[in-house]
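What follows is a set of notes on a single structure, which appears directly below.
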Amino acid sequence: MDIRQLRYFVTVAEEANFTRAAARLHLAQPGVSAQVRQLEKELGHLLLDRSGRSVTLTEVGEAVLPYARAAISAVEAVRQTADEFTGLLRGQVTLGLVSGAGAAAHEFDLAPILARFHADHPQVEIALTEDTSEWMVTALHRGELDIAVIGLADEEPPPGISLQVLVDEPLVAAVAPNDPALASPDRTSITLAELRDRPLISLPHGTGIRGVLDRACAQAGFQPHIAFEAAAPLFLAQLAARGLGVAVVPALSADSASAFGLRMLEITEPRLRGRVALTWRTDGPSGPAATVLLDLLRTTLTAPGTG
């Protein structure tokens with residue numbers, strides 16, 4: 001037997017179908033079927049039951065499957081170890097980026113970093129996905145992601161997750177020029193309690209800023225009235241400029257605020273902050289390629305400000 005036969009067998013077992021397994025392996029179905037039959041012949045036992053509408057494991061197949069997977073993992077580990085000595089990385093790295101830049105208006109220019117990594121390690125496939133911070137943390141724990149850029153809802157990192165804070169900036173209430181909060185033209189701040197009965201415009205559940213806002217309001221004894229939700233902080237600012245509510249967003253630059261026609265009021269009592277962090281499992285990424293990319297991201301991405 002050889003490792004290809006074991007790989008084909010495992011793939012057919014996972015897909016419960018020879019055609020789907022062949023498509024996943026980018027091979028012709030007859031070739032996959034022939035190799036699995038050759039494996040069965042060498043072992044002297046049927047591993048797969050082909051009599052039903054879907055392919056199922058026989059009793060022997062059930063017993064063999066974990067050993068086949070272990071053999072494949074061992075071969076991959078041998079290859080990775082040898083590649084490390086030659087400076088060649090292979091495999092896949094899964095990187096998560098929270099939607100809408102996460103918890104800040106700050107834009108992360110990941111493209112040149114990923115391009116540099118790809119140029120140095122062309123045999124590594126990078127899989128990039130976007131979702132909420134909550135989903136990213138769950139995916140890190142499950143091993144579905146190696147690295148993620150998330151918005152932080154709490155002061156402490158999630159259990160089992162290590163992080164490097166990239167952005168740490170105050171949250172503000174962005175209001176239109178005719179907003180009642182601006183009765184005093186010199187006003188520069190607003191308390192959280194004053195937002196109690198105001199329609200708010202916020203990032204959706206699962207994002208860092210929304211977690212910060214919900215927690216602060218709960219501690220103050222009220223539930224925020226969320227009138228509009230959107231994934232991009234700058235779009236929230238546009239909605240506020242139309243007088244549709246008070247946008248709770250990271251502090252915009254003076255030019256951006258002016259362009260939108262907005263006033264920024266710092267939220268106080270308590271002061272709220274939006275933080276974005278590079279995160280990974282505390283026990284480390286799953287392979288050498290992810291470790292190298294993590295090191296590159298940690299040394300290249302911007303250090304936090306203290307706005």
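In this chain, residues are counted from 1 in sequence order. Quick caveat: nothing in here was measured; it's all calculated off a predicted structure.
- Contact annotation: the side chain of L278 approaches that of I147 to within less than 4.5 Å [non-hydrogen atoms, C-beta and beyond].
- Contact of the V10 side chain with the E14 side chain is registered, since non-hydrogen atoms from C-beta on lie closer than 4.5 Å.
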Taking it one step at a time, do L293 and W280 satisfy side-chain contact (heavy atoms from CB on, under 4.5 Å)?
CA-CA 11 Å; L293 179 57; W280 60 94; over 6 Å; no

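- Applying the salt bridge (Lys or Arg N to Asp or Glu O under 4.0 Å) test to every pair with at least one member in residues 197-206, sequence neighbours left out, gives these pairs: D179-R198.
- For P177, the side-chain contact (heavy atoms from CB on, under 4.5 Å) criterion is met by no residue, not counting sequence neighbours.
- The environment of H141 atom NE2 is dense: over 12 non-hydrogen atoms of other residues, nucleotides or ligands sit within 6.0 angstrom.
- Contact record, E130 with M136: C-CE, 3.7 Å, taken as the closest heavy-atom pair.
- L297 has its side chain within reach of I113: a pair of non-hydrogen atoms, C-beta onward, lies under 4.5 Å apart.
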Compile the donor-acceptor pairs under 3.5 Å between side chains in residues 227-236 and protein atoms, sequence neighbours left out, one pair per line.
unit_1	atom_1	unit_2	atom_2	d
E229	OE2	R210	NH1	2.7
E229	OE2	R210	NH2	3.4

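- Residues meeting the side-chain contact (heavy atoms from CB on, under 4.5 Å) test with S54, sequence neighbours left out: A16, T56.
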Residue pair T282, S162: steps toward the side-chain hydrogen bond (donor to acceptor under 3.5 Å, both in side chains) verdict:
CA-CA 5 Å; T282 300; S162 295; 3.2 Å; yes

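- To the nearest 0.5 angstrom, E40 atom CD is 5.5 Å from L48 atom CG.
- Using a 4.5 Å cut-off on side-chain heavy atoms (C-beta onward), D295 and T291 make contact.
- R4 meets the salt bridge (Lys or Arg N to Asp or Glu O under 4.0 Å) test with D2; sequence neighbours excluded.
- There is no path of hydrophobic side-chain contacts, each under 4.5 Å, that joins L46 to V64.
- Taking 4.5 Å as the limit, some side-chain heavy atom of R275 sits within range of a side-chain heavy atom of D168.
- Considering only heavy atoms from C-beta on, T58 stays 4.5 Å or farther from H45 through its side chain.
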Verdict with supporting geometry, V292 and V124, side-chain contact (heavy atoms from CB on, under 4.5 Å):
CA-CA 11 Å; V292 172; V124 177; over 6 Å; no

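- Applying the side-chain contact (heavy atoms from CB on, under 4.5 Å) test to E194 and every residue at least two apart in sequence or in another chain returns R187, I190, T191.
- With rounding to the nearest 0.5 Å, the separation of CD1 in I209 from CG in L171 is 5.0 Å.
- Residues L145 and T129 form a side-chain contact, since some pair of their non-hydrogen atoms from C-beta on lies under 4.5 Å apart.
- Listed by chain and number, the residues in a salt bridge (Lys or Arg N to Asp or Glu O under 4.0 Å) with D186 amount to none (sequence neighbours excluded).
- Remark: R242 pairs with no residue by the salt bridge (Lys or Arg N to Asp or Glu O under 4.0 Å) rule, at least two apart or across chains.
- Contact between I226 and S202 at its shortest, heavy atoms only, is CD1-CB, 4.1 Å.
- When all heavy atoms are compared, the tightest approach of A241 to F260 is CB-O, 3.2 Å.
- When the salt bridge (Lys or Arg N to Asp or Glu O under 4.0 Å) test is applied to R196, no partner is found at least two apart in sequence or on another chain.
- Distance alone, capped at 3.5 Å, is enough to place a donor-acceptor pair between the Q164 side chain and the R298 backbone.
- Screening residues 51-68 for salt bridge (Lys or Arg N to Asp or Glu O under 4.0 Å) gives no qualifying pairs among residues at least two apart or on separate chains.
- The 12-atom threshold is exceeded at CZ of R50, counting heavy atoms of other residues, nucleotides or ligands nearer than 6.0 Å.
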Worked check of side-chain contact (heavy atoms from CB on, under 4.5 Å) between S133 and L152:
CA-CA 8 Å; S133 296; L152 298 176; over 6 Å; no

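- The shortest side-chain heavy-atom distance between L244 and P199 does not fall under the 4.5 Å cut-off.
- Here the closest non-hydrogen pair linking D214 and P224 is OD1-CG, 3.5 Å.
- For the pair N17 (side chain) and T19 (backbone), a donor-acceptor distance under 3.5 Å is present.
- Applying the salt bridge (Lys or Arg N to Asp or Glu O under 4.0 Å) rule to pairs touching residues 142-152 yields R142-E144, sequence neighbours excluded.
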Checking side-chain contact (heavy atoms from CB on, under 4.5 Å) for the pair L265/V175: CA distance, chi angles, key distance, verdict?
CA-CA 8 Å; L265 300 177; V175 298; 4.3 Å; yes

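- In this structure, L27 CG and Q29 CD are separated by 11.0 Å, a value rounded to the nearest 0.5 Å.
- Contact record, A289 with F117: O-CZ, 3.7 Å, taken as the closest heavy-atom pair.
- Evaluation of the side-chain contact (heavy atoms from CB on, under 4.5 Å) rule for A240 yields I201, A247, L262 as partners, not counting sequence neighbours.
- Across L140 and A148, no two heavy atoms sit closer than the pair CD1-CB, 4.1 Å.
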